[in-house]
Amino acid sequence: MTSWLRAHGWLWFFLCGLLLQLNAAAANDAPPAEVLIIHSYDRDFAPDDTVDEVFQAELTRLSYPRPVEYLHVYPGRAEFESSDRDEAILAYLRATCGPRGPDLIVAIGAAAQAFVVRQEAILYPNIPVLNLAAETRRDSTLRYRDRTVSVSYGIDLSQLVENVLQLLPDTKHVFVAMGAGSLERFWEPVFREVWKPFEPRLQFEWMSDLSLEQMKVRVAALPPDSVVLAMLMLRDATGQASPGERALEALYRTANTPIFGYSEAQLGRGIVGGSLLALTETGRGGAEVAKRLLDGEEPGTIDDAVYPALTPAYDWRELHRWGIPEERLTPGSRVDFRKPSPWVKYRWIIVGSVGLFLLQTTLIVGLLVQRHHRRVAERTAQESKDRLALAAELSGVGLWSLDLRSHLIWMSERATELFGFLPGQQVSIALFLESVHAEDRASVQSAIDAAVESGVSTRVEYRFVLPDGAVRWIVAQGQTCPSPPASPTLFMGASLDISENKAGEETLRQAKDFSEAAINALPGIFYLYNSEGRLVRWNRNHELKTGFSAEELNGRPILDWFPESHRDLVALEVRRVHEDGEGRIEAPVRMKDGHEVPYLLKWVGLMIEGESYILGTGTDISDIKWMEACRDAVREVLRILSDPGDIRESMQSIVSAIKASLGVDAVGIRLRDVDDYTYFCSEGFSEDFLTKENSLVSRNGDGGICRDDKGEPILQCACGLVLSGKTDPANPLFTPGGSCWTNDAAPLLDLPAKDDPRTNPRNVCIHQGYASVALIPIRGKGEVIGLLQLNARRKGYFTLPMVEFLERAGDNMGEAMLRRQGESDIAQARLALAHLSRVSMMSELTTSLAHELNQPLAAILSNAQAGLRFLSGKEPDLNEVAEILADIVSDDKRAGEIIRRTRYLLQNDPPHREWLDLSVIVREVVSILHNAVVIHDVLLETDLSPSVPHIRGDRVQLQQVLINLIINAEQAMIEACSRPATVSISTFKDHEGRAVVTVQDTGPGVPASQLEEIFVPFYSRKTGGMGMGLTISRSLLQSVGGKIWAENAPGGGARFSILFEQQPA
Amino acid sequence: MTKEDPTVFVVDDDASVRKSLSRLFRSAGVSVEMFASADAFLAREHFTGTGCVILDIGMPGLNGVDLHKRLRKADFSMPVIFLTGHGDIQTGVQVVKEGAVDFLTKPVDDETLLQAVREALAKDEVERAKRVETTAIRQRLQSLTDLEHEVLTYVITGMLNKQIAAALDISEKTVKVHRGRVTDKLGVQSVAELVRLAEMTGILPAEQG
């Protein structure tokens, strides 16, 4: 729990710093002097606080009219003396003071001074430093630089004990009340050493190993001739901190012997007095030096000052209480509190109460930074300079006196007012108690009884109900009079309204509750692991989410949360946190019931008192993981849809992708099939399921489809509702986006028919054991074209955000499907056109083809008949016949080849990409066209480079493009009766290494204005042409990264060039 | 077979076709010569024997139709048979009009082809005989004087000597003498024979009236 508080302190450190910064009103007319005060201890170390208080008030006064702004840094405790936190403090100082820095640095206490010395190179090198209020023993251990002036105090430790013996010569036992914090540990050996000479006359008992509570008990029953010497008590042996002089106050309340102390701050708080630490003088002296430094005096020219212990000062009340005659005091000693007025006597109660909120806050906040404003500082100055000012503060104190015999209470005016009695009203104790809040009445009564019985001062807090019903919180301190052993006649005291303080306490409590509540309400889990990797602190959510009880969580090793597969990773990350200070990991976390939930864990490393901790949060990211999976699935779906190929194969891939990504048990896609919506594809459903569920339409007895009044088929079950858009968003079964989903389908079975929105529910999903079902519409162009069905056997599979995400996915899929269908249509059309064009082209070649085919046929026939003739001769030459047969075979093959080639060109197969040699393609084309062009006396010339880069494309399409160009050229020349009529085809590699083929003719060329126009559909130069040849050619080439253009050759004639912008094979 | 045996000349750019035709003709005992192009054929030395030509139409360079035209212009008298892979009627009609003896399409039956070749060779035989006769007649015609030639043109119109004398403004007796010389020189007996000779040699009758 302590660790937790410390860890908390760090968290709140920044928060509080921020709040205070926000609250700081920096408005001052004259540029203020900025003084940075670095404290060694928490804002609860009374000596330093006193010095600081006086220092500020005095410096503010001295500097007037120039305002002074004080910036305080409380690093907290003496850890400051080590350099662990320097980095953080420096960073904070730089951020707060800005690059220029303050005008003066005041280091209060040795630890702060050590810090300044340690960081002198970094910490504002040119700013003067005032080392204030270190005891000379500690002060002297430091090496100052010439810009530092030291104002310290000294104390004569022997004198502390001598003083006891001087006042109470019979003293035999000295109980040293001493804490066990780092400061105490520094001093204890010093004290022991110095006081050793007093033994054996005096027996010293060191209480530094006791807790404050134990000390309180101890001092209540000390032997006679004992005194308590209250020394440093910042933190007791259990680590419990006691702010201010709280520990002294606590001891004072129970001690049965006089208490002596060491510091001016203790005077008036229960110590008898003596030669005390001169805090006020030190503060004032420091302020004077600070003023000179602020005025620009060189630190080197100012002498260091040491304020020795005060002239002995005593508390008259304590002297009086313990019957110490003033004659024993050293002549010239000062005696304060000589006329103890009740309000002065109880000043500490009031001050303590007022400070409660602040003190508790500072207790929690390890390092507190605060700006005081001039106004506040001036008021503080007033307080400490003139203690009479306190009277004004104390005007709220009501005085009273209970006559123990008459049971009547006398009240001061303020008291009468405080309790709401009428002036002059006679108030009996009974009447008074009647108005005390019923819950507090007994404690008030017993406090009075105890006070009367013991004669010891008693303090009680209670609620008092005013006549108008309002409730006031009252603190009262009272004591019987006269003091024991005389029989008391009066019980007198003071009361103060502390309702506001109580409200403050309440606020603090609420703040604590709030932070607890806030942490408990964090959406994720929250935890603190110690250096051994064991859980030491966690929030409520941690228990709720993981299912482990507090007992099970306590000390649970961090690795136990993770499955075996992730432990190495986690261990690595843990190491990283210890090294780098932070880390994060996504890993499955194992819950009490054994199932694993993906978590994002963020860690920060903390060093607390030399021990490292891991503080962290954990967020359940199963939703995010699911969403990511959804997104991946949709991306995969879109990718699949963008790939060409069979739509059915694509859809099957989509279903598989969704099932794999989302981890559901079954996925199906229904698409419109005329009137029905059957499963287009699915994965994970049983045969039986698909048989039962395939058709969705309702049929009448004759098997006809039932239709609604609009003629739409009536679709069954939940799928039908989604597909026909009959989803009522008011019903939690449906979403506004038109989906139907459930995480527990079974209860639908018990739904009365009138409450079931489904038409003819079939419940096949339920009967087949699917608990979670999501039916997502697939929309294209706003129409529902199908649905995506996800079934999981586990309950609670889906969340609304998931379903909504899937809805967007469904829309994307629908659009993509339609687009894909559209693209497919266009591609089909293009291919169909290309084919049509080829057919048309081939019809132009028919004559030539027939001729070409007739050649081998003719040869075959003639050969065969010649053979027959030879054989019918008297002496057939069989060699001749054999030759004939061989030639027949050859010619037959040739004829077959021609037919194959022709059919190849005419076939309507899908394009087939392969690596092709352009020169080979040209040769093939020339062989096809040879006869055709020869008929028209056109010469085909080729100039084919053997080193043309291979290109990737479809053989038939490329042949088609070239045939088209050659026929165009031939016909252009025939129409123009060009002589000579030559078509030249060249292939080559251009200077950029690309494959090029050109087709050039000796015809009339293309009018310059039409060089581009000829590629436009239905442009034709040929009579009877389709006007699509070049358009289709360009389209076919584009699909393989080729481009085609026309130009007129320098020597006349048209030249068509095709360039393939492809990567070489 | 001697050099001047009846021979078939085949011009076809397709080697297999040439080879198969060559075999076919050889199997039928017909002499054959093959040419892969029109130019090769034209380059052949003059052939004086009986023969016929088989032409393909689609050929690189000079095609069959054009070669036929060239041959006709050069008074090449051998019968020409077209043998082509694409026998469209238009081309067939055209080439026959221009004097081809036959128009056959591939693939062709051996009998059809051989029959056509035989007919062509027979035709050429006849033509060749005719050509010999005509040449003789021409030589005889050249021996006629101008007046005798003129008289001849009137005789073949069937005019009487008296009418011829009037037309030529010469005496009837002179007509009679010249007429006698013409018949003697040309070795004919009758007017009918004279008319046939004139027709063979392309002598046109004088215009009457």
Side-chain angles (χ1 to χ4, degrees), chain A residues 845-877 879-895 897-898 926 929-941 979-982, chain B residues 8 10-30 32 34 36-39 54-67 69 81-92 103-117:
Chain A
L845 292 175
T846 313
T847 335
S848 139
L849 278 170
H851 176 67
E852 194 171 355
L853 194 56
N854 278 338
Q855 300 284 50
L857 289 181
I860 289 168
L861 185 61
S862 299
N863 270 323
Q865 288 174 334
L868 287 173
R869 282 173 186 281
F870 282 129
L871 287 174
S872 64
K874 284 174 205 155
E875 290 174 13
D877 179 350
N879 286 338
E880 177 92 51
V881 174
E883 272 177 38
I884 287 171
L885 290 176
D887 282 354
I888 289 175
V889 169
S890 155
D891 284 325
D892 191 86
K893 279 184 180 165
R894 182 178 153 203
E897 174 64 21
I898 293 163
V926 168
L929 290 182
H930 176 260
N931 283 297
V933 296
V934 156
I935 293 170
H936 297 112
D937 290 330
V938 172
L939 193 63
L940 279 183
E941 283 179 1
R979 281 292 173 240
T982 308
Chain B
V8 179
V10 177
V11 184
D12 197 315
D13 61 326
D14 191 304
S16 335
V17 171
R18 285 200 303 273
K19 204 170 171 187
S20 65
L21 288 180
S22 162
R23 283 204 186 96
L24 185 65
F25 288 126
R26 279 197 288 114
S27 70
V30 180
V32 63
M34 293 295 166
S37 69
D39 289 337
I54 297 179
L55 285 183
D56 185 17
I57 289 182
M59 285 186 296
L62 204 56
N63 70 30
V65 177
D66 289 341
L67 175 60
K69 282 179 184 163
I81 299 168
F82 277 94
L83 178 62
T84 175
H86 38 116
D88 62 295
I89 295 170
Q90 200 186 339
T91 317
F103 185 82
L104 302 174
T105 56
K106 293 174 189 168
V108 67
D109 186 65
D110 57 347
E111 275 310 320
T112 311
L113 180 62
L114 289 171
Q115 183 58 37
V117 164

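Throughout, protein chains are lettered first and strands after them, A, B, ... in sequence-line order, and every chain is numbered starting at 1.
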What closest approach, in Å, do [X] and [Y] show between heavy atoms, and which atom pair accounts for it?
X        : Y        : value
B:Asp12  : A:Gln855 : OD1-NE2, 4.2 Å
B:Pro107 : A:Ala858 : CB-CA, 3.4 Å
A:Gln865 : B:Asp110 : OE1-N, 2.6 Å
A:Leu861 : B:Asp109 : CD2-N, 3.9 Å

Could you tell me which portion of A:Ile884 (side chain, backbone, both or neither) has an atom closer than 4.5 angstrom to a non-hydrogen atom of chain B?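 Both the backbone and the side chain of A:Ile884 come within 4.5 Å of chain B.
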Where on A:Leu857 is there a heavy atom nearer than 4.5 Å to chain B: the side chain, the backbone, both, or neither?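 Answer is both: backbone and side chain atoms of A:Leu857 are under 4.5 Å from chain B.
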Check this for me, if you would: do A:Arg869 and B:Glu111 make a salt bridge, where the nitrogen-to-carboxylate-oxygen distance has to be below 4.0 angstrom?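 Looking at A:Arg869 and B:Glu111, the cut-off is met.
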Test side-chain hydrogen bond (donor to acceptor under 3.5 Å, both in side chains) applied to B:Ser16 and A:Asp891, A:Asp887, A:Asn863, the passing residue: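 Exactly one candidate clears the test, A:Asp891.
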Rounded distance (nearest 0.5 Å) linking atom CZ of A:Arg894 with atom CG of B:Asp14: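 The distance works out to 4.0 Å.
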If I take atom NZ from residue B:Lys106 and atom CG from residue A:Leu853, how far apart are they, to the nearest 0.5 angstrom?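 It comes to 12.0 Å.
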For A:Ser862 and B:Arg23, which I'm curious about, is there any donor-acceptor pair between the side chains at under 3.5 Å?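 Checked: A:Ser862/B:Arg23 side chains show no N/O donor-acceptor pair below 3.5 Å.
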In sequence, state the C-alpha distance, the side-chain angles, and the governing distance for A:Glu880 and B:Arg26, and then conclude on salt bridge (Lys or Arg N to Asp or Glu O under 4.0 Å). CA-CA 11 Å; A:Glu880 177 92 51; B:Arg26 279 197 288 114; 3.1 Å; yes
Side chain, backbone, both or neither: which part of B:Asp56 has a heavy atom under 4.5 Å from chain A?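 The side chain, not the backbone.
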